[in-house]
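In this chain, numbering begins with 1 at the start of the sequence shown. Hydrogens, waters and symmetry mates play no part in the numbers below; they use all other heavy atoms, side chains included.
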Amino acid sequence: MDLSIAVSATSSNDLEKCLRSISKQGTSNIDVIVNNATDSSVISQIVMKYKYREIKLKTNILLSRYITVKETTGDYVLIMDDTRRLAKSFINALSDHNIEPVTAIAEYQEGVGPYANLLRSVSGIDIDSRKLNPESIRYILPRLYRRDVVMNALSRIRSKLPADLFASMEALDLELIYYEAFAITGKTGYITEPHIIHKEVSYLKDIKKMFKYGKSTRLLRKTTYKDMGNLGGRFRFANTVGNQIDGFILMLIRGLPFFLGYVL
């Protein structure tokens, strides 16, 4: 697969692990573009260390996605954050799967303790890929796209949102990309093996993230994406009793800051 990886970087500590995981894939035929979204000299040094391409532009996340994907050259693009890294088998595993133009990849949640265990329990719920669409299920977010599809999706988002809102969006970047990409292809592929590893998430950081998600969701209510500006499809409901309980607990924990961001 002719693959590009587009990384939005805000943390030098996390970026080191992310880029190291890419460099250890056993192939040099990967086009990697990193946006140094905080204009950090340390981030620049890390990107230079791994000899990847760097963009230096202070941006919020949606604009960062646009400028990194635009610079890619591969037939497919993997959208990454510095909080994630690739499993050692990632590149080889892709050849074992039927990759769709829009493909979600299961993730493994790192960490120890009750909150990490809760996130792992909920993220391990079985998903029927035939039912995946961005309106009814918003907690599965594809990161692997055929380049022409994701570029088309980002261009459509940019044309539909006011320029100031496009530049200021702090969240929902992957949701909007998926929404437009699905409108183009009408299908979502899903790799159930967790080939992407998500760094440990602290309770407080997750709460702050949910507040930003709520705020960004509210901002969409008066745009052409008003269908995305509601609270539906964001929480997981499992078949087993144990996972149902965990899903309900997580919904309560995340729901309050999300709701506050939505209404304040």
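Counted by atom type alone, Thr72 and Arg147 present one or more donor-acceptor pairs between their side chains at under 3.5 Å.
Taking 4.5 Å as the limit, some side-chain heavy atom of Leu154 sits within range of a side-chain heavy atom of Val150. For the pair Met169/Leu176, a side-chain contact is recorded, criterion being any heavy-atom separation below 4.5 Å from C-beta on. Contact annotation: the side chain of Asp173 never approaches that of Ile79 to less than 4.5 Å [non-hydrogen atoms, C-beta and beyond]. For the pair Thr223 and Lys160, the minimum side-chain heavy-atom distance is 4.5 Å or more. Using a 4.5 Å cut-off on side-chain heavy atoms (C-beta onward), Tyr66 and Ile157 make no contact. Asp206 places a side-chain heavy atom less than 4.5 Å from the side chain of Arg254. A heavy-atom distance below 4.5 Å is found between the side chains of Val7 and Leu15. Annotation: side chain of Tyr178 is not in contact with side chain of Ile140 (no heavy-atom distance under 4.5 Å).
The number of heavy atoms from other shown groups lying within 6.0 Å of CG (Asp164) is above 12. Within 6.0 Å of the NZ atom in Lys209, the count of heavy atoms belonging to other residues, nucleotides or ligands exceeds 12.
The CG atom of Leu57 sits 4.5 Å away from atom CD1 of Ile67, with the distance rounded to the nearest 0.5 Å. Distance CE/Met80 to OG/Ser4: 13.5 Å, rounded to 0.5 Å. For the atom pair OG1 of Thr38 and NZ of Lys58, the computed distance is 7.5 Å after rounding to the nearest 0.5 Å. We find the OH-CD1 distance between Tyr179 and Ile184 to be 12.0 Å, quoted to the nearest 0.5 Å.
Identified under the salt bridge (charged side-chain N to carboxylate O under 4.0 Å, His left out) test for residues 76-90, with sequence neighbours left out: Arg65-Asp81, Asp81-Arg84, Asp81-Arg143, Arg84-Glu107, Arg85-Glu110. Residue pairs meeting the salt bridge (charged side-chain N to carboxylate O under 4.0 Å, His left out) criterion with at least one member in residues 37-51, sequence neighbours excluded, are Glu16-Lys49.
The side chain to side chain contact (heavy atoms under 4.5 Å, CB included) test with Leu141 singles out one residue from Leu174, Ile177, Ile105, and that residue is Leu174.
Figure legend: Arg221 and Tyr262 shown as a cation-pi pair, the cationic atom lying under 6.0 angstrom from the six-membered ring centre and within 45 degrees of its axis.
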Problem set entry | Worked verdict on Asn36 versus Ser44 for side-chain hydrogen bond (donor to acceptor under 3.5 Å, both in side chains) | CA-CA 7 Å; Asn36 185 344; Ser44 294; 3.1 Å; yes
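Of the possible donor and acceptor atoms, none in the side chain of Glu54 sits under 3.5 Å from a partner among the backbone N and O of Val47. Side-chain N or O atoms of Ser216 include none that pairs as donor or acceptor with a backbone N or O of Tyr213 at under 3.5 Å.
The minimum heavy-atom distance linking Phe182 with Leu132 is given by the pair CE1-O, 3.5 Å. Residue Ala153 comes nearest to Ala181 through the heavy atom pair CB-N, 3.8 Å, listed as atom of the first residue, atom of the second, then distance.
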Please tabulate, for the side chains in residues 92-99, all donor-acceptor contacts under 3.5 angstrom to protein atoms that are two or more places apart in sequence or on a different chain.
unit_1: Ser95; atom_1: OG; unit_2: Asn92; atom_2: O; d: 2.6
unit_1: Asn98; atom_1: ND2; unit_2: Glu100; atom_2: OE2; d: 3.4

